[in-house]
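What follows is a short report on a single structure.
Chain naming here is simple, since letters A, B, ... match the order of the sequence lines and numbering starts at 1 in each.
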Number of protein chains: 2
Amino acid sequence: MPVMSVDFANKLHSEGYRLTPQRQLILEAVRKAGGHLTPDQVYARVHTRHPAISRATIYRTLDFLCEMRLAVAMQWDGQTYYEIAGEQPHHHLICRTCGGIEPLAPGLVDSFVEAVSRKQRFTIDMDHIALFGLCERCRVGKSASSRHSSR
Amino acid sequence: MPVMSVDFANKLHSEGYRLTPQRQLILEAVRKAGGHLTPDQVYARVHTRHPAISRATIYRTLDFLCEMRLAVAMQWDGQTYYEIAGEQPHHHLICRTCGGIEPLAPGLVDSFVEAVSRKQRFTIDMDHIALFGLCERCRVGKSASSRHSSR
DNA sequence: CTTCTTATTGCAACTATTCGCAATAACCTT
DNA sequence: AAGGTTATTGCGAATAGTTGCAATAAGAAG
Ligand SMILES: [Mn+2]
Ligand SMILES: [Mn+2]
Ligand SMILES: [Zn+2]
Ligand SMILES: [Zn+2]
């Protein structure tokens with residue numbers, strides 16, 4: 001019997017959706033995990049408490065939580081990762097070499113989004129952007145080795 | 001017997017890869033199409049000329065072309081789209097409402113990438129970024145209808 | 001031209017994800 | 001509390017994409 005926020009119940013009801021134990025368990029599992037989870041990781045956690053749950057329900061519910069804007073998703077290396085949406089949107093920089101994730105300063109994103117809005121009149125969604133590249137540590141290592149190989 | 005650029009052959013050979021008919025056909029198919037293609041669309045085109053080709057080879061080769069930086073990929077609506085990489089990187093704005101694609105001014109992206117590089121010392125890959133949101137036409141329609149519904 | 005090495009392919013098995021559908025149960029109305 | 005409506009679930013089948021492996025063939029060497 002998970003104690004679920006009244007907000008969640010109201011949010012669903014006001015849009016004609018229903019509050020089910022599955023949805024509560026999945027939301028709670030993602031919330032408790034506190035980080036980015038794959039559908040399979042969510043399944044593993046929920047399955048221990050509710051063995052009858054179907055994988056299809058996991059996939060559908062995670063998608064549903066994103067539509068409700070209670071969760072955000074991210075594509076990384078062919079996998080989808082889900083996470084609870086915080087008060088403020090946040091973004092990530094992911095290093096293609098070491099796999100490290102670091103936060104992307106919201107201010108920089110805001111400026112960019114505003115510039116695109118002003119100059120191209122397009123409103124970019126900025127829930128949860130993940131951008132890929134090379135972190136400082138790996139860049140330094142790479143230039144050192146390329147210097148080496150260019151001799 | 002596709003006439004293939006010598007550059008392609010040399011590029012592969014210099015890295016220890018081999019030039020195969022399959023790779024030539026797939027590269028040529030994507031090049032001729034001139035736009036964004038799904039693996040299945042590539043398969044359909046190549047399959048007419050080379051019926052023995054396997055879907056696995058399509059997937060593997062498209063991936064390979066991206067690693068060679070001869071092609072770029074984009075995720076959209078759960079599908080991966082591939083396209084020949086041009087001289088200059090280019091980017092897209094995709095409307096979540098109407099599905100329209102418009103170009104994103106490279107200058108705006110460059111400024112953003114540079115700001116991230118300067119302030120966070122992270123080098124973002126900027127091959128082929130696709131950002132999602134709301135185009136002007138759809139934004140106008142939406143605000144009109146919300147004005148209507150708020151009465 | 002022949003031989004050798006091994007990168008690449010096609011196949012089939014496998015995994016991940018989606019989808020149609022009948023059974024279930026949330027919740028609205030009485 | 002009971003009944004009716006229909007959103008949601010679990011199941012199993014379908015589809016999309018990946019992977020291991022033996023057979024093939026590209027390219028290097030002689
Ligand atoms: Mn995140
Ligand atoms: Mn493009
Ligand atoms: Zn790194
Ligand atoms: Zn639009």
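Summarising the geometry, the separation between OH on B:Tyr82 and P on D:dA16 is reported as 15 Å, rounded to the nearest angstrom. Regarding B:Lys11, its NZ atom lies at a distance of 19 Å from the C1' atom of C:dA7, rounded to whole Å. Atom P of nucleotide C:dT9 and atom CG of B:Leu19 are separated by 10 Å, given to the nearest angstrom. When rounded to the nearest whole Å, the span between CD1 of B:Ile26 and C1' of C:dG10 equals 12 Å. Atom P of nucleotide D:dA26 and atom CD of B:Gln24 are separated by 10 Å, given to the nearest angstrom. Distance B:Phe64 CZ to C:dT9 C1': 13 Å, rounded to the nearest Å. If you take CG of A:Leu12 and P of D:dT6, they are 19 Å apart, rounded to a whole angstrom. Atom C1' of nucleotide C:dC28 and atom CG of A:Asn10 are separated by 16 Å, given to the nearest angstrom.
Distances shown here put every side-chain N or O of A:Tyr17 at or beyond 4.0 Å from the OP1 or OP2 atom of D:dA7. Between A:Gln22 and the phosphate of D:dG10, there is a side-chain N or O to OP1/OP2 separation shorter than 4.0 Å. Close to D:dT8, at under 4.0 Å from its OP1 or OP2, lies a side-chain N or O of A:Arg23. Using a 4.0 Å cut-off, some side-chain N or O of A:Thr57 falls inside it from OP1 or OP2 of D:dG10. Between C:dT17 and A:Tyr59, a contact under 4.0 Å exists linking OP1 or OP2 to a side-chain N or O. A close approach under 4.0 Å does not occur between any side-chain nitrogen or oxygen of A:Thr20 and OP1 or OP2 of C:dA25.
Comparing B:Arg18 and B:Asp40 against DNA chain D, the residue whose closest nucleotide sits nearer the 5' end is B:Asp40.
In this structure, a donor-acceptor pair under 3.5 Å is absent between the side chains of A:Thr57 and A:Gln22. Checking A:Gln41 against A:His36 by side-chain atom types alone, no donor-acceptor pair falls below 3.5 Å. A donor atom on one side chain and an acceptor atom on the other are not found under 3.5 Å apart for B:His128 and B:His91.
The base of C:dG10 sits with one of its N or O atoms less than 3.5 Å from a complementary donor or acceptor on the side chain of B:Arg60.
Taking the six-membered ring where the residue is Trp, the centroids of B:Phe64 and B:Tyr17 are separated by under 6.0 Å.
Using a 4.0 Å heavy-atom criterion, one finds that B:Gln79 contacts the sugar-phosphate atoms exclusively.
A salt bridge does not link B:Glu15 with B:Lys11: none of the charged nitrogens is closer than 4.0 Å to a carboxylate oxygen.
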